[in-house]
Number of protein chains: 2
Amino acid sequence: MAQAPLSRRDQNKLEKRGRIIAAARAFFAQKGFEATTIQDIADAAGVSVGTVFLYAKAKEDLLILVFHDEMTGVIDQAYRAALKHAGLVDQLCAFFDVEADYHERDLPLARALMRKLGYVDNAEQRDAVTELMSANYTRLAMLIEAAKTRGEVGAAAPLLPAARSIFACYYLHLGGFLSGYIDRDRFDRMVREHFELLLKGLGAG
Amino acid sequence: MAQAPLSRRDQNKLEKRGRIIAAARAFFAQKGFEATTIQDIADAAGVSVGTVFLYAKAKEDLLILVFHDEMTGVIDQAYRAALKHAGLVDQLCAFFDVEADYHERDLPLARALMRKLGYVDNAEQRDAVTELMSANYTRLAMLIEAAKTRGEVGAAAPLLPAARSIFACYYLHLGGFLSGYIDRDRFDRMVREHFELLLKGLGAG
DNA sequence: AGATAAAAATGAATACACTCATTTTTGTTG
DNA sequence: CAACAAAAATGAGTGTATTCATTTTTATCT
């Protein structure tokens with residue numbers, strides 16, 4: 001790892017960026033995303049309104065900035081939780097249980113993020129999202145791979161498509177949960193049901 | 001079907017609502033969602049700005065209103081297209097091909113909708129979305145049911161969860177397509193791959 | 001019909017995201 | 001260090017979604 005050469009200018013920028021993200025996080029959690037104004041964030045971070053827009057092209061971009069850091073940790077935590085279980089289905093449920101818990105801790109924020117993720121326009125943001133998705137897929141693929149060596153999953157099963165299938169089910173139901181179509185209990189049960197179905201396959205007699 | 005007793009008042013409201021939705025549809029298609037102002041729509045519909053907000057609590061709600069009508073037709077069309085094919089996987093691909101085509105016709109609009117669907121706050125809108133989802137699930141369940149009688153799908157497979165699994169894969173990849181992570185070709189291939197995987201099951205050797 | 005109440009419509013006023021011409025800070029060169 | 005150029009920061013200005021006190025329309029009485 002080459003240590004980045006941080007000029008005073010870049011150091012200041014990074015520090016400022018950190019203050020803005022921290023301020024955004026605090027206000028989003030306290031007042032909610034909608035009720036938080038850019039002015040709020042600017043004041044708390046000790047910068048002007050215009051400066052905030054130098055670091056985030058739109059208010060919603062702040063969501064991605066806030067979540068990117070946090071989510072990376074949550075995904076790791078989810079993977080560790082999964083490893084404590086034996087069967088693949090239990091592992092997957094444990095994995096997404098951690099992620100769902102995280103979202104449940106701050107529903108308004110999770111809802112705002114969910115919307116933002118519906119369509120990401122900015123290339124920079126897209127990279128950040130892709131990175132998080134990859135982090136999820138990688139962990140899921142590792143769980144499936146391990147299940148293969150245990151004989152739970154057939155050797156021919158394609159890792160990445162399987163991981164995406166699994167994530168797709170989780171994601172759809174997470175949306176249902178966040179929008180209030182279903183409660184957390186039903187969410188948990190439906191997700192498990194889908195994982196079992198995917199493992200068995202529709203074709204099975 | 002009991003004909004609704006339409007008082008003059010309700011008649012006017014319905015007509016006005018129709019004008020607003022038509023105006024919104026036209027402007028969204030022509031200028032795009034963002035660039036369309038409520039004033040545009042109000043002028044074209046021959047009402048005031050305030051009146052538009054009487055029929056849609058927020059600008060984004062107009063998206064749901066516009067799509068609800070259109071989508072109902074598209075889903076029917078998708079189902080009819082599916083019936084022209086023999087195997088379940090081909091049927092599913094044909095089904096979602098029609099829906100994806102519809103979205104592809106107006107990408108900016110589809111993207112705006114995708115975001116809106118990320119979290120639906122209003123109860124009325126939620127009902128509209130639920131109705132569309134049910135329409136999808138019902139058709140998919142019918143296809144699976146038919147596949148059961150052909151022996152393609154095991155008798156024990158739960159219809160609705162299977163339909164949701166199928167839709168979840170489609171929906172995740174549609175998001176990827178609309179956001180520009182993948183192109184249409186890749187979208188088609190990935191969706192098919194997922195359907196095959198779901199049919200076979202991960203457990204299969 | 002005229003009077004009255006309820007519903008619907010109005011558009012000026014408000015609040016806030018976002019822009020951009022100007023100013024300030026930082027880095028570089030002689 | 002002074003002078004200059006490039007980068008960053010600023011905040012008043014702009015446009016538009018949304019609100020709400022007021023006005024207009026519709027329905028229901030006597």
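Chain A is the first sequence line, chain B the second, and so forth, proteins listed ahead of strands; every chain is numbered from 1.
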Q. Hey, does A:Phe33 have a side-chain heavy atom less than 4.5 Å from the side chain of A:Glu60?
A. yes

Q) In whole Å, what is the span from the NZ atom of B:Lys59 to the P atom of D:dG15? A) 15 Å

**Q.** Nearest-0.5 Å distance that lies between atom CG in A:Asp43 and atom OG in A:Ser48
**A.** 10.0 Å

(Q) Please tell me if A:Thr51 has a side-chain N or O lying less than 4.0 Å from either OP1 or OP2 of D:dA9. (A) no

Q. B:Arg19 has an atom CZ; how far is it from atom P of C:dA9, in whole Å?
A. 9 Å

Q) Which one, C:dG11, C:dC18, D:dT10, comes nearest to the side chain of B:Ser48? A) C:dG11

Q. Under 4.0 angstrom, heavy atoms only, what part of the nucleic acid is A:Thr37 near: base, sugar-phosphate, or nothing?
A. sugar-phosphate

Q: Would you mind reading off the distance between A:Arg17 atom CZ and D:dA8 atom P, rounded to a whole angstrom?
A: 14 Å

Q. Quick one: is D:dA9 close enough that its OP1 or OP2 comes under 4.0 Å of any side-chain N or O from A:Tyr55?
A. yes

Q) Looking at A:Tyr79 versus A:Phe95, is the centre-to-centre ring distance below 6.0 Å? A) no

Q) Does B:Val47 offer a backbone N or O that forms a donor-acceptor pair with the side chain of B:Thr51 under 3.5 Å? A) no

Q | Below 4.0 Å: OP1/OP2 of C:dA9 and any side-chain N or O of B:Lys16 | A | yes

Q.
OP1 or OP2 of C:dT26 versus the side-chain N and O atoms of A:Asn12: is any pair under 4.0 Å?
A. yes

Q: Please report, rounded to the nearest Å, how far the C1' atom of D:dA7 is from the CZ atom of A:Phe53.
A: 20 Å

**Q.** d(CD1, B:Ile38; C1', D:dT19) in whole Å
**A.** 13 Å

Q) CZ of A:Arg17: more than 12 outside heavy atoms within 6.0 angstrom? A) no

(Q) I need the CD-C1' distance between A:Glu34 and C:dA15, as an integer number of Å. (A) 13 Å

(Q) Rounded to whole Å, how long is the line connecting atom CD1 of B:Ile20 with atom C1' of C:dA8? (A) 12 Å

Q. Is any side-chain N or O of A:Lys57 closer than 4.0 Å to OP1 or OP2 of C:dC18?
A. no

Q. Given D:dA8, is OP1 or OP2 found less than 4.0 Å from the side-chain N or O atoms of A:Lys13?
A. yes

Q. Reckon B:Leu54 touches a base, only the sugar-phosphate, or nothing at all at heavy-atom distances under 4.0 Å?
A. base

Q | Atom-pair distance (CG on B:Asp10; P on D:dA27), nearest Å | A | 8 Å

